[in-house]
Amino acid sequence: MTSITFKNNPVTLVGKHLKAGDKAPNFTVLANDLQPVTLNDSKGKIRLVSVVPSIDTGVCSKQTHRFNEEAGKFGDDVEVMTISVDLPFAQARYRSTEEIGNIHILSDHRDLSFGEAYGVAIQELRLLSRSIFVIDKDDKIAYSEYVSEVTDHPDYQEALDAVEKLKAKV
């Protein structure tokens, strides 16, 4: 596994490192209205999961805007989620002020269910490490990226290409 740093300081990720071909673990996160959301809720769709440490920071906001823009082009067979540990109330405020409407913004604040299942929970900070997962309709990981420096951008194009490749198989 790639070593992960946050502002150039090494951090410890809790959970298993997932790679293409692995079964995508189920998880429970919270929607902005505090309702539970699981991976199974979007079964039968291609899922792009964008993971950010905190929605209100510069790189995280740019990442969220980029995938919101791209989600508008994907169609109904692709679901795009941004997951962070921000409180659902803060995410709802962000969503409304930033006019994010094409993706689901979800909170892993309650119990780090997603973070631990996908190996992105930062032990020292109780944040999620920046990462991207593309999950196919059969709940297999088609693409994963654990960004080695949490404050850097992910490889947007690789993730988008993975989604397009899955869409082409349909």
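Taking the six-membered ring for Trp and thresholds of 30 and 60 degrees, His153 and Tyr156 have ring planes inclined between 30 and 60 degrees apart.
Using a 4.5 Å heavy-atom threshold, the side chains of Leu128 and Ile83 count as touching. In this structure the side chain of Leu18 reaches within 4.5 angstrom of the side chain of Pro25, judged on heavy atoms. For the pair Ile141/Lys19, no side-chain contact is recorded, criterion being any heavy-atom separation below 4.5 Å from C-beta on. With contacts defined as side-chain heavy-atom distances shorter than 4.5 Å, the pair Val49/Ile132 does not qualify. The closest side-chain heavy-atom distance from Val37 to Thr28 is not below 4.5 Å. Considering only heavy atoms from C-beta on, Asp136 stays 4.5 Å or farther from Ile46 through its side chain.
Distance CZ/Arg66 to CG/Leu160: 5.5 Å, rounded to 0.5 Å. How far CG of Asn26 is from CG of Asn40: 4.0 Å, rounded to the nearest 0.5 Å. The NE2 atom of His65 sits 4.0 Å away from the CD1 atom of Ile100 when rounded to the nearest 0.5 Å. Residue Ser84 holds its OG atom at 10.5 Å from CD of Gln63, rounded to the nearest 0.5 Å. Here CD of Glu98 is found 4.5 Å from OG of Ser61. Values are rounded to the nearest 0.5 Å.
The hydrophobic cluster containing Phe6 also contains Val120, counting ILVMFWY residues as joined when their side-chain heavy atoms lie under 4.5 angstrom apart, directly or transitively. One hydrophobic cluster holds both Val150 and Leu125 under the rule that ILVMFWY side chains link at heavy-atom gaps under 4.5 Å. Hydrophobic clustering, with ILVMFWY side chains joined whenever heavy atoms are under 4.5 angstrom apart, keeps Phe114 apart from Leu30. Hydrophobic clustering (side-chain heavy atoms under 4.5 Å, transitive across Ile, Leu, Val, Met, Phe, Trp, Tyr) keeps Leu127 apart from Leu87. Hydrophobic clustering of Ile, Leu, Val, Met, Phe, Trp and Tyr side chains at less than 4.5 Å, counting indirect connections, keeps Phe27 apart from Val14.
Taking both residues in full, the closest heavy atoms of Glu145 and Asp155 are given as OE1-N, 2.9 Å, listed atom of the first, atom of the second, then distance. Shown here for Ile103 and Ala71, the closest heavy-atom pair between the two residues is CG2-CB, 3.7 Å. Taking every heavy atom of both residues into account, Ile135 and Ala24 meet most closely at CG2-CB, 3.7 Å. The two atoms that bring Asn32 and Arg95 nearest to each other are OD1-CD, 3.7 Å, heavy atoms only. The minimum heavy-atom distance linking Gly101 with Asn68 is given by the pair N-OD1, 3.3 Å. Leu34 and Pro88 make their closest contact through CD2-CG, 3.6 Å (heavy atoms, listed as atom of the first residue, atom of the second, distance).
A donor-acceptor distance shorter than 3.5 angstrom exists from the side chain of Glu124 to the backbone of Thr12, with no hydrogens or angles considered. When atom types are taken as modelled, the side chain of Ser107 and the backbone of His109 share a donor-acceptor pair closer than 3.5 angstrom.
Using a cut-off of 4.0 Å between Lys/Arg side-chain N and Asp/Glu carboxylate O, Lys140 and Asp22 are scored as not salt-bridged. Looking at Glu79 and Arg47, no side-chain N of the basic residue comes within less than 4.0 Å of a carboxylate O on the acidic one, giving no salt bridge. Classification of Lys73 and Glu70 as a salt-bridged pair holds, one side-chain N sitting under 4.0 Å from a carboxylate O.
Considering only residues two or more places apart in sequence or on other chains, Asp108 meets the side chain to side chain donor-acceptor pair (under 3.5 Å) condition with none of them. Remark: Lys62 pairs with no residue by the salt bridge (Lys or Arg N to Asp or Glu O under 4.0 Å) rule, at least two apart or across chains.
The residue from Lys167, Lys169, Lys45 that alone fulfils the salt bridge (Lys or Arg N to Asp or Glu O under 4.0 Å) condition with Asp77 is Lys167.
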Quiz prompt | CA sep, side-chain torsions, deciding dist, call: Gln91, Asp86, side chain to side chain donor-acceptor pair (under 3.5 Å) | solution = CA-CA 7 Å; Gln91 291 177 335; Asp86 295 299; 4.8 Å; no
Practice problem: Any chance you could lay out the side chain to side chain contact (heavy atoms under 4.5 Å, CB included) test for Arg130 and Val59, step after step, and finish with the verdict? | Solution: CA-CA 10 Å; Arg130 187 174 318 282; Val59 175; 3.5 Å; yes
Exercise. Evaluate the criterion side chain to side chain donor-acceptor pair (under 3.5 Å) for residue pair Ser144 and Tyr118; output intermediate values, then yes/no.
Key: CA-CA 10 Å; Ser144 69; Tyr118 284 70; over 6 Å; no
Quiz item: side chain to side chain contact (heavy atoms under 4.5 Å, CB included) between Asn8 and Glu149: does it pass, once the steps are laid out?
Solution: CA-CA 7 Å; Asn8 296 316; Glu149 168 53 50; 3.6 Å; yes
Exercise. Please lay out, stage by stage, how Tyr94 and Thr64 fare under the test side chain to side chain contact (heavy atoms under 4.5 Å, CB included).
Key: CA-CA 11 Å; Tyr94 175 87; Thr64 302; 3.9 Å; yes
Quiz item: Tyr146 and Phe133: ring pair (Phe, Tyr, Trp, His ring centres under 6.0 Å), yes or no, with the steps?
Solution: CA-CA 9 Å; Tyr146 293 79; Phe133 299 92; 5.5 Å; yes
Self-check item: side chain to side chain contact (heavy atoms under 4.5 Å, CB included) evaluation trace for Arg126 with Leu112
Solution: CA-CA 8 Å; Arg126 200 175 193 287; Leu112 294 177; 4.0 Å; yes
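Within a 6.0 Å sphere centred on CD of Gln157, heavy atoms belonging to other residues, nucleotides or ligands number more than 12.
Within the structure, salt bridge (Lys or Arg N to Asp or Glu O under 4.0 Å) contacts touching residues 31-43 (residues at least two apart or in different chains) are Lys43-Asp139.
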